[in-house]
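In what follows, a single structure is set out as structure tokens and then discussed.
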Amino acid sequence: MTILITGGAGFIGSHVIRLFVETYPNYHIVNLDALTYAGNLENLKDIEDRPNYTFVKGDITNEVFINDLFEKYKFDGVIHLAAESHVDRSIKDPLAFVKTNVIGTMILLNAFKNTWKDNFSNKLFYHISTDEVYGTLGRTGLFTEMTSYDPNSPYSASKASSDHFVRAYGETYGMPYAITNCSNNYGQNQFPEKLIPLFINNIINHKPLPVYGDGNYTRDWLYVKDHAVAIDLVFHKGKNKETYNIGGFNEWKNIDLVKLLCQQMDEKLNREKGSSERLITYVKDRPGHDLRYAIDASKINQELGWKPSVTFEEGLNKTIDWYLNNEEWLHSVISGDYKTYYEKQYNN
Ligand code: NAD
Ligand code: TYD
């Protein structure tokens with residue numbers, strides 16, 4: 001079986017690649033990634049020579065290139081993670097999100113359809129999506145698979161659109177598909193534009209911690225390796241044309257999470273208690289900021305037996321340790337373009 005995993009040099013993708021390459025020696029895993037600012041082959045250094053693994057550098061929006069790639073490998077399955085993934089960037093440059101997330105997904109769908117035409121037996125197109133497509137919750141309630149799509153950011157609108165196209169290809173052309181909508185991931189190898197690694201990096205460097213608005217926004221956090229396990233389960237055991245919500249049963253208000261992070265960092269860095277908390281700075285809110293995300297993951301739990309394996313405290317602890325022990329990784333990703341991004345996002 002030959003499987004295409006797109007976005008495999010990114011945060012979640014690199015964990016999925018590692019899990020598949022190590023667990024399934026009989027599969028040929030092809031990692032297709034454009035190596036944008038968010039892609040980093042250092043994430044996969046230790047497995048790059050495995051015989052069942054091939055890396056291909058390329059852009060999913062390049063139709064000719066993608067068609068040639070499908071012609072060459074005849075992928076039995078696609079696990080599609082490549083995307084522009086950061087909400088703040090989508091506010092500044094929405095079109096980039098339409099290009100990769102919508103048009104790139106369409107180009108992959110067409111290539112998969114044209115490869116298998118009317119015979120899709122034992123084939124699967126699996127789209128990795130987000131709970132942000134559901135929009136925002138109030139103070140109570142949970143997103144289920146039946147919740148209507150109601151995206152608020154250009155990022156979530158682009159992911160909602162690509163989800164709809166995947167579904168449409170299933171209905172119209174009989175293409176077997178799965179979609180999972182997952183909550184906020186955290187863990188090692190996450191680019192320090194997202195809340196947790198950005199704040200870890202700033203604490204290390206004694207820089208202000210920019211909390212948007214009043215900090216009373218809520219997210220449901222999941223350890224990235226638990227997401228990768230869920231993806232493996234859905235790929236192998238999920239029902240055709242189904243969507244599954246994946247979440248951590250782990251809601252945190254941003255400000256409470258940041259305070260926990262500060263406490264753990266003070267201990268690990270042997271700093272005076274309370275010193276990291278003093279770096280908290282309330283800044284201008286994100287436009288269209290969704291108040292609360294929280295996932296009801298009972299479907300994947302009951303049908304596929306999945307549940308998170310670590311508590312948030314354990315996962316956060318491991319995550320902080322990883323960043324403290326991988327300073328070189330952190331330094332390499334915060335040089336160059338990151339500085340320009342940071343200036344524009346936080347110093348204007
Ligand atoms: P990421 O930004 O860390 O990685 C994205 C990867 O895609 C990078 O390696 C990048 O080089 C690659 N890429 C971007 N544009 C490309 C293009 N045009 N062609 C080929 N490759 C391209 O993202 P992530 O956080 O790992 O998210 C992966 C997927 O999971 C995304 O589809 C995202 O929407 C979804 N998701 C993320 C989260 C989260 O909390 N991070 C939660 C739920 C769902
Ligand atoms: P983020 O990690 O960007 O994920 P998402 O927007 O996809 O949920 O942000 C998580 C939460 O943290 C969100 O409510 C926005 C907030 N946040 C800040 O308060 N400050 C920051 O600098 C960042 C990046 C996020």
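In this chain, numbering begins with 1 at the start of the sequence shown. One-based numbering, in listed order, for ligands and for the atoms of each.
In this structure, F235 has its ring center under 6.0 Å from that of F20. Aromatic rings of Y27 and H236 (six-membered ring for Trp) have centroids within the 6.0 Å cut-off, being under it. Checked against a 6.0 Å centroid threshold, the rings of F191 and H86 do not count as neighbours.
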Would you tabulate the polar-atom pairs, meaning N/O of ligand 2 against N/O of the protein, with distances under 3.5 Å, reported to 0.1 Å?
from	atom 1	to	atom 2	distance (Å)
ligand 2	2 (O)	L195	N	2.9
ligand 2	3 (O)	R286	NH2	3.0
ligand 2	4 (O)	N184	ND2	3.3
ligand 2	6 (O)	R286	NH1	2.5
ligand 2	6 (O)	R286	NH2	3.3
ligand 2	7 (O)	E132	OE2	2.5
ligand 2	8 (O)	N184	ND2	2.8
ligand 2	8 (O)	R219	NE	2.7
ligand 2	12 (O)	N254	ND2	3.4
ligand 2	14 (O)	R219	NH2	3.3
ligand 2	14 (O)	N254	ND2	2.9
ligand 2	14 (O)	H289	NE2	2.7
ligand 2	19 (O)	Y212	N	2.8
ligand 2	20 (N)	P210	O	2.8
ligand 2	22 (O)	P210	O	3.4
ligand 2	22 (O)	Y346	OH	2.6

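Side-chain contact between I203 and C262 is present, with heavy atoms from C-beta onward closer than 4.5 Å.
Members clustered with Y155: V87, I91, F97, by chain and number, using a 4.5 Å side-chain heavy-atom cutoff among hydrophobic residues.
For the pairing with Y217, the side chain to side chain contact (heavy atoms under 4.5 Å, CB included) check across D290, I255, L291 returns one residue only, L291.
Atom CG of L81 is separated from atom OH of Y126 by 8.0 Å, given to the nearest 0.5 angstrom. Between I280 atom CD1 and K259 atom NZ the span is 6.0 Å, to the nearest 0.5 Å.
Applying the side chain to side chain donor-acceptor pair (under 3.5 Å) criterion to N202, with sequence neighbours excluded, gives Y342.
Contact residues for ligand 1 (protein heavy atom closer than 4.0 angstrom to any ligand atom): G7, A9, G10, F11, I12, D33, A34, L35, T36, A38, G39, G58, D59, I60, L81, A82, A83, S85, T100, I128, S129, T130, Y155, K159, C182, S183, N184, N185.
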